[in-house]
Amino acid sequence: MAVPWEEYFRPALQEKLPTKIPQQNADQFPPVLRLLEKRQELADADQDLRAQKEVFQTTMAALKQRWEQLEQKQRELKGSFVRFDKFLQDSEARRSRALRGAAEERHRAGRQEAEALRLRIQLQELQRERARLQRRRERLEPCARLLGHVLEQLPEFQEVPELVARFSGLADMREALRLTARRRLAELEEARARLQRLRDARQDELLRQGQLRAQLLERLEAARERTLHWESKWVQIQNTAAEKTLLLGRIRMSALNLFQLVCQHQRQPPALDVEDTEGQLEQVKLFILDLSSMLASLHQTEPAAS
């Protein structure tokens, strides 16, 4: 059974390749450091590829020699069968053993051929990986040259990692400032929204106060109208009361005059108080009733006399 080429080359590559930087630190490195790292990995992979190629060639040579030995054994087996036909049983036994050995050899050769095929596939994969790394190196080569020119123009930096670390710190500081500005902008937007809500609330309050003022003005105007109406009513009541008072005075004077006339007619002094209008009217009423009865009796006696 063929073994995948990844499993075959992985132990050798893991022994040769340097330990990779963790993902969280690798993401922080600029492309130049990753370019240097990939260049080192490409060199190591190329060296391992040449070693694997030599091993593959050695294996193919051993496999070819094994096939030649197998063919030699088969020829020797055929010759021994012809020469030692009289020893059939012994030859048959040796032939059986030889056949078993040949089967084992063929089986071993098949395994080696499968291993060779796997190595060929793995070699193709490594060549493709090498080509990809080569293209990436060519693509990042201008960045490396630019970084070298920058390092030449900045004498305070001795090595590329120092320059990269400085720019990484500046990038981190820039990112922190960007986050701070973003937070300040968010706080400003929140303050503006809160101010707008306060303005809206103030506008609503002013509108409500205006509506309340209009309602109070309407109520004040209605109260003024009611006041004027009741003031006119009060003036009218006062005028009516004055007229009624004047009329009452006249009635009391008339009642007093009638009472005095009745008292003069009866030749009696006034026995009632001047303010006792009801008593005076009662005396006048009684006098009128007596006078009416006298007149009635007089009218009854006059027809009889005639």
Side-chain angles (χ1 to χ4, degrees), residues 27-28 169-306:
D27 295 337
Q28 299 177 359
L170 293 176
D172 294 338
M173 184 179 297
R174 179 183 178 185
E175 185 66 23
L177 292 175
R178 184 182 299 174
L179 293 176
T180 304
R182 189 178 302 172
R183 287 196 299 270
R184 295 293 182 269
L185 182 60
E187 293 175 358
L188 180 59
E189 292 296 332
E190 184 179 358
R192 287 178 178 174
R194 187 165 58 252
L195 178 60
Q196 186 64 33
R197 289 195 296 270
L198 292 176
R199 287 178 177 175
D200 296 339
R202 181 175 177 273
Q203 289 296 117
D204 295 339
E205 184 65 23
L206 289 176
L207 181 60
R208 189 179 67 81
Q209 293 294 335
Q211 294 176 353
L212 181 61
R213 181 174 179 273
Q215 294 175 0
L216 292 176
L217 289 176
E218 292 178 357
R219 292 174 60 183
L220 179 60
E221 189 65 27
R224 287 177 178 175
E225 293 179 357
R226 288 195 301 271
T227 302
L228 294 175
H229 174 71
W230 289 111
E231 285 179 353
S232 63
K233 286 288 185 181
W234 174 247
V235 173
Q236 184 179 359
I237 291 171
Q238 286 181 344
N239 294 332
T240 304
E243 293 177 357
K244 296 295 182 181
T245 303
L246 182 59
L247 179 60
L248 180 60
R250 290 177 180 178
I251 292 172
R252 292 180 66 182
M253 290 299 296
S254 300
L256 180 60
N257 291 331
L258 289 175
F259 176 69
Q260 290 177 354
L261 290 174
V262 170
C263 289
Q264 291 177 3
H265 186 273
Q266 292 179 354
R267 299 179 182 276
Q268 294 178 358
L272 297 176
D273 189 16
V274 179
E275 300 295 333
D276 192 2
T277 304
E278 294 180 356
Q280 296 172 3
L281 291 175
E282 187 66 26
Q283 293 295 326
V284 172
K285 177 182 178 183
L286 292 176
F287 175 76
I288 293 173
L289 290 176
D290 291 342
L291 185 60
S292 298
S293 61
M294 290 175 61
L295 291 175
S297 62
L298 181 61
H299 286 304
Q300 290 177 358
T301 57
E302 284 181 356
S306 60

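Starting from 1, each residue takes its place in the sequence as its number.
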Distance, nearest 0.5 Å, that separates [atom1] of [X] from [atom2] of [Y]:
{"X": "Leu170", "Y": "Leu177", "atom1": "CG", "atom2": "CG", "answer": "10.5 Å"}
{"X": "Trp234", "Y": "Ile237", "atom1": "CH2", "atom2": "CD1", "answer": "6.5 Å"}
{"X": "Thr240", "Y": "Lys233", "atom1": "OG1", "atom2": "NZ", "answer": "9.5 Å"}
{"X": "Ser254", "Y": "Leu248", "atom1": "OG", "atom2": "CG", "answer": "10.5 Å"}
{"X": "Arg192", "Y": "Arg199", "atom1": "CZ", "atom2": "CZ", "answer": "10.5 Å"}
{"X": "Ile288", "Y": "Leu258", "atom1": "CD1", "atom2": "CG", "answer": "7.0 Å"}

Check: Looking only at side chains, do Asn239 and Glu243 share a donor and an acceptor under 3.5 Å apart?
Finding: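 On atom types as modelled, these side chains do not qualify, holding no pair under 3.5 Å.
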Checklist line | CD/Gln209: more than 12 non-hydrogen atoms of other groups inside 6.0 Å | finding: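 More than 12 within 6.0 Å, yes.
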Margin query: With a sphere of 6.0 Å drawn around CD of Glu190, does it hold more than 12 non-hydrogen atoms of other residues, nucleotides or ligands?
Written below: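 At most 12 heavy atoms, drawn from other residues, nucleotides or ligands, come within 6.0 Å of this atom.
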Notebook entry, point to check: Just one of Glu221, Arg219, Arg213 clears the side-chain contact (heavy atoms from CB on, under 4.5 Å) bar with Leu217, so which one?
Noted result: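 For Leu217, the side-chain contact (heavy atoms from CB on, under 4.5 Å) check succeeds only for Arg213.
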Check: Under 4.0 Å between a Lys/Arg side-chain N and an Asp/Glu carboxylate O for Glu205 and Arg208?
Finding: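 Result for this pair is yes, salt bridge flagged.
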Next item on the list: Answer yes or no: is there a side-chain heavy-atom contact under 4.5 Å between Gln203 and Leu206?
Entry: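 They are in side-chain contact.
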